[in-house]
Every structure is written in C-alpha cells, then in structure tokens.
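Read the numbers this way: they start at 1 and go in the same order the structure lists the ligands and their atoms.
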Amino acid sequence: MDILVLGGGGREHALVVSLAASPHAGTIYVAPGNGGTAAIAQNVPDLDILDSNAVANFALRNHVGLVVIGPEAPLVAGVADAVRQAGILVYGPNAQAAQLEGSKTFAKELMQRYRIPTAAYASFTDRDAALNYLTTHHAPIVVKADGLAAGKGVIVAMRDDEAQAAVKSCFGGKFGQAGSRVVIEEYLTGPECSLLVFTDGRTVLPMATAQDHKRAGEGDTGPNTGGMGVYSPVPIVTDEEYQQMVEAMQTTVRALTAEGIRYQGTLYGGFMLTPQGPKVLEFNVRFGDPETQVILPRLQTDLLEVMVATAQMRLSEVTLTWSPKWAVSVVLASGGYPGSYKKGKVITGIKQAELLDDVTVYHAGTKLDEDGRLLTDGGRVLDVTALGDSFEEARKRAYLASAMIDFEGKYQRNDIGERALRGRSAWEV
Ligand code: AMP
Ligand code: GLY
C-alpha cells in the first residue's frame with residue numbers, strides 16, 4: 001500500500017521509519033519531509049498540507065491507500081474530512097473531533113459534561129469579564145488562548161498582574177484569532193505525564209506514558225520549546241494513576257461518540273499527576289513530538305496494520321505488543337533556539353552513533369544539499385533515541401550517541417530524565 005505522511009519533523013521521521021518497516025508498505029510520500037525522510041521515502045516539498053483539496057487530489061493521483069496526518073493544523077483545517085470524502089483511508093480525526101485540541105473551551109466543556117478530571121475553569125470572549133474574574137480568582141492561575149497557538153498560548157501566572165497582562169495580550173491579538181476566546185484555569189501541581197492512545201471511536205488501545213521536557217534550560221528553566229527531550233514509559237507513575245489516565249481517555253472517546261463525533265487516530269492526553277489523582281491539562285489530536293520518537297521504537301506490532309485498522313474501525317481486532325525496554329530521547333538543537341538561530345550547518349557523526357546498539361537518530365530539522373551533505377534546517381535538529389534494559393541504561397546510551405554527533409552551535413539539555421531517576425520525591429517542592 002502506498003502511503004502519504006503529512007509533516008516534516010522528528011515525529012514524521014519516526015512515523016515513516018515505523019511505516020517503512022511494514023511488509024505491506026509500498027512507496028511512502030512525505031510532505032514536506034526532511035533530510036531523514038528523504039533517505040527512506042519520497043519527499044513532496046511543494047504540497048500545501050493545509051489545503052484539503054490539494055492533499056486529496058495528490059492522494060488520488062498517486063493511488064495512495066492511506067494518508068497519515070502528523071501535525072494538528074491540517075486536522076483542525078479538515079484535511080482528514082476531505083481525504084475520507086475522496087474514499088481514501090486516513091489516520092487522523094476529522095475537523096469536529098480535532099476541536100479537542102483546536103478549542104480549549106470545547107475540550108473543557110466536554111470534560112465537565114462527562115466528569116473527566118481536569119482543572120476548574122471559566123471561558124471568556126470578553127476582555128473586561130475576564131479581568132473582572134481575576135479580581136476574585138487569584139494567582140497562581142493559568143491563562144490560555146482558546147485556539148491553536150503553536151504551543152505558546154499558555155501563561156502560567158504566578159502573580160495577579162501577570163495574569164491580567166496575559167488576558168490583555170490574548171485579547172490584544174498576541175495569538176491572533178486563537179486568543180479571541182480565553183480560558184482561565186485553576187493552577188495544578190505535580191509531575192506531568194502524557195498518555196497516548198490509538199482509537200477508532202470504539203476501541204481504545206493505550207500506547208505508553210511519556211514525559212517531555214518543554215523548557216530550553218537545565219532544571220526546567222528558560223523559555224518553552226517544542227520539547228528538548230523525552231522518555232517512555234514514565235517510571236514514577238503508579239499503577240493506580242496509570243489506570244485512572246486510561247479511564248480518562250476511554251471516557252473522552254465515549255463522550256465524543258455520545259456527542260455524535262467519531263474519533264479515529266491518536267489521542268494524546270497531557271496529564272498532571274496531582275495529589276487528587278491525574279487531571280487532564282490538554283488534549284492533542286495527534287502523536288506528540290518528541291513523544292513519538294520514544295513510543296514507536298518500542299512498538300513491536302506493525303504500525304501500518306494498526307493505522308489501517310483504525311481507519312477501517314477494526315481496532316478491536318488488533319493487539320499491541322511492546323518492547324519491555326525503556327526509551328530516552330535527547331534533542332539536539334541549534335544554538336539560540338527557541339529564539340533565533342542559524343541554519344545550514346553541516347552535521348556529522350549520525351552513522352557512527354547509529355552503530356551503537358538500540359540507537360536511532362530521528363531528523364527533526366535537517367535537509368540534504370545538492371552535494372548530498374546533511375545540513376541543519378531548524379531549531380530542533382535531531383532526536384537521538386536509545387533503548388535500554390533499564391531507564392539508566394537507555395539514558396546513558398542516548399547521551400553517548402548524542403556526544404558522537406556534531407554541528408556548529410549544537411545545544412542539548414544534559415538532564416533529560418534526571419529527575420525521574422531521583423524518583424517521585426524530586427517533584428516535591
Ligand atoms: P498545555 O499547552 O495546555 O499543555 O500547557 C503547557 C504547559 O503549561 C503544561 O505542560 C503545564 O506545564 C502548564 N500548565 C497548563 N495548564 C496548567 C494548570 N492548570 N496548572 C499548572 N500548570 C499548567
Ligand atoms: N510534546 C508535546 C506535543 O507534541 O504537543
């Protein structure tokens with residue numbers, strides 16, 4: 001079966017690596033793709049992945065059997081709907097279901113109606129009403145732009161004036177249309193943990209827990225990034241918490257079905273493990289990036305079969321098998337990220353790093369030049385993933401491999417997974 005994957009980051013490289021391993025995979029097209037996907041698939045740099053008709057037409061013209069949608073923007077824009085309408089299988093939810101990530105108010109209302117544990121909240125379309133609410137609800141408090149803001153629309157305000165400024169900047173247009181509605185939320189504490197599931201709207205198959213490191217600096221300091229490193233599974237989660245997270249995901253899918261919305265694809269629950277149990281911070285309607293880079297290397301079931309079964313609503317026929325190993329991934333970024341940084345630096349050492357057992361280097365922001373040299377082409381450049389029989393072994397190996405790779409301005413966090421090694425008490429303040 002020929003496949004079209006939409007996206008061009010580390011997540012998509014990981015998806016393509018796993019799909020290409022399937023005996024049923026034919027040609028894999030990736031739009032736009034990157035330097036890593038170019039080596040194992042056919043990049044399609046010119047396809048506008050937000051243009052539903054263009055994507056559906058490309059798939060029809062090239063006899064693509066399955067379209068896999070990586071990022072949230074095409075999902076929210078309804079690309080999955082158009083591809084389904086064209087009679088082609090698609091892995092990823094329709095626009096209605098994608099509201100779970102596309103509108104925080106939609107997600108909060110659904111959680112409230114179906115008693116899914118989440119922070120208490122209020123939603124506003126009026127700036128003065130929001131500011132008025134802050135006169136009775138004090139910091140620490142969390143202000144969120146309702147719509148998609150590329151991960152930047154959440155302000156955790158530790159002081160009242162920060163919360164007020166956040167409300168003003170949302171309504172002032174800082175996040176464009178995404179900020180014309182604002183959610184103000186109760187401040188929660190605890191370790192964060194993500195749980196991703198495959199679902200076809202009936203069956204929910206949990207993947208694994210994962211924990212990202214969003215801040216640029218060591219010790220979780222500095223500005224927010226797309227993610228500087230990740231591990232899976234999360235060792236500090238208790239069995240009871242895991243069950244509660246699975247239950248929350250099942251309830252969410254049942255809730256959508258009850259509302260007449262069918263969800264087919266990956267559902268990502270971002271949780272905070274509070275003293276009252278896990279509570280949902282956010283939903284994503286897609287695989288996480290970089291979470292995918294530690295989850296898929298542990299999946300032993302054929303990913304293509306799982307995706308086709310999801311698209312055909314036959315997920316109940318699938319059993320997932322996972323490697324018992326631990327996975328840790330370290331992001332190698334361009335110096336300056338998430339601020340401004342340089343591109344076009346020559347990357348060396350990937351081949352040597354991949355000679356180590358259980359090491360895979362996923363490309364997040366790379367490209368090949370005319371001479372076939374691999375160059376940096378983004379803020380996050382590479383995700384160096386290692387598996388190990390213990391958490392510590394995976395971590396050591398990921399850092400050993402990272403040290404073998406070089407490019408000018410290379411930046412990495414050296415404490416990925418360090419807190420988890422110290423145990424649950426490392427989260428207590
Ligand atoms: P989100 O994009 O909703 O995951 O939010 C980004 C980050 O903001 C999360 O990973 C948390 O660290 C933090 N955050 C979001 N909501 C809350 C909350 N209610 N209480 C405390 N921190 C939060
Ligand atoms: N790593 C968080 C996300 O994919 O949204």
Side-chain angles (χ1 to χ4, degrees), residues 7 9-12 14-15 69-73 75-76 98 100-108 111 117-123 137 139-158 162-163 166 170 175 178-179 182-196 207 209-216 220-232 234 266-276 278-296 329 331 338 362 364 379-380 383 416 419 427 429:
R11 164 181 54 208
E12 286 76 22
L15 287 167
I69 305 181
E72 62 278 13
L75 292 165
V76 173
L100 218 44
E101 180 170 355
S103 166
K104 298 208 187 286
T105 302
F106 175 90
K108 295 298 279 190
M111 287 190 273
T118 189
Y121 80 104
S123 174
H137 294 75
I141 199 161
V142 184
V143 178
K144 301 183 172 186
D146 183 78
L148 292 185
K152 298 190 176 69
V154 175
I155 300 101
V156 180
M158 299 312 286
E162 284 173 334
C170 282
F175 305 110
V182 168
V183 168
I184 302 181
E185 211 175 79
E186 169 199 7
Y187 173 77
L188 302 176
T189 55
E192 288 180 45
C193 175
S194 301
L195 176 67
L196 285 78
M207 291 186 221
T209 52
Q211 192 169 65
D212 192 1
H213 296 59
K214 290 243 172 82
R215 302 296 199 94
D220 294 320
T221 56
N224 260 321
T225 70
M228 292 301 297
V230 59
Y231 52 80
S232 177
V234 181
T266 296
L267 180 59
Y268 171 129
F271 290 86
M272 195 164 264
L273 307 178
T274 75
Q276 292 78 39
K279 294 192 180 180
V280 176
L281 290 182
E282 61 160 349
F283 288 116
N284 294 322
V285 296
R286 48 165 177 83
F287 279 98
D289 189 346
E291 288 82 348
T292 310
Q293 293 88 303
V294 282
I295 290 175
L296 291 184
S329 189
V331 172
Y362 296 110
R380 290 188 293 175
D383 307 303
I416 301 304
R419 196 140 64 144
W427 270 267
V429 278

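Salt-bridge formation is detected for the pair R419/D220: a Lys NZ or Arg NE/NH1/NH2 atom is positioned less than 4.0 Å from an Asp or Glu carboxylate oxygen.
The side chain to side chain contact (heavy atoms under 4.5 Å, CB included) search around A163 returns L134, I141, V143, A157, not counting sequence neighbours.
Counting heavy atoms under 4.0 Å from ligand 2, residue R286 touches it through the side chain alone. Contacts between L281 and ligand 1, counted as non-hydrogen atom pairs separated by less than 4.0 Å, involve both the backbone and the side chain. The side chain of K144, and not its backbone, has at least one atom closer than 4.0 Å to an atom of ligand 1 (non-hydrogen atoms only; side chain from C-beta on). When heavy-atom distances to ligand 2 are checked against a 4.0 Å cut-off, F287 has no atom that comes that close, whether in backbone or side chain.
Note: T292 OG1 to M207 CE = 8.0 Å, rounded to the nearest 0.5 Å.
When T118, V154, V280, V143 are checked for heavy-atom proximity to atom 7 (C) of ligand 1, V154 turns out nearest. Taking each of T274, N224, L188, D212 in turn, the one with a heavy atom nearest to atom 20 (N) of ligand 1 proves to be L188.
The side-chain heavy atoms of K104 and Y121, taken from C-beta on, include no pair separated by under 4.5 Å. Side-chain contact between Y268 and E101: absent, with no pair of heavy atoms (C-beta onward) separated by less than 4.5 Å. Side chains of L296 and L15 form a contact here, defined as non-hydrogen atoms less than 4.5 Å apart.
In this structure, a donor-acceptor pair under 3.5 Å is absent between the side chains of D383 and S329.
Distances below 4.0 Å separate heavy atoms of E291 from the following atoms of ligand 2: 1 (N), 2 (C), 4 (O). Residue contact check: G288 has heavy atoms under 4.0 Å from atoms 4 (O) of ligand 2. Residue-ligand proximity, D212 to ligand 2, at heavy-atom distances under 4.0 Å covers atoms 1 (N), 2 (C). Below 4.0 Å from some heavy atom of Y268 lie the following atoms of ligand 2, by number and element: 2 (C).
Here the side chain of R11 pairs a donor or acceptor atom with the backbone of F287 at under 3.5 angstrom.
Where the criterion is an N or O separation shorter than 3.5 Å, residue side chain and backbone included, Y187 fails it with respect to ligand 1. Looking at ligand 2, you'll find an N or O of D289 within less than 3.5 Å of one of its N or O atoms. The shortest N or O to N or O distance between R11 and ligand 2 is not under 3.5 Å.
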Passes side-chain hydrogen bond (donor to acceptor under 3.5 Å, both in side chains), K108 versus T118? Steps please. CA-CA 8 Å; K108 295 298 279 190; T118 189; 2.9 Å; yes

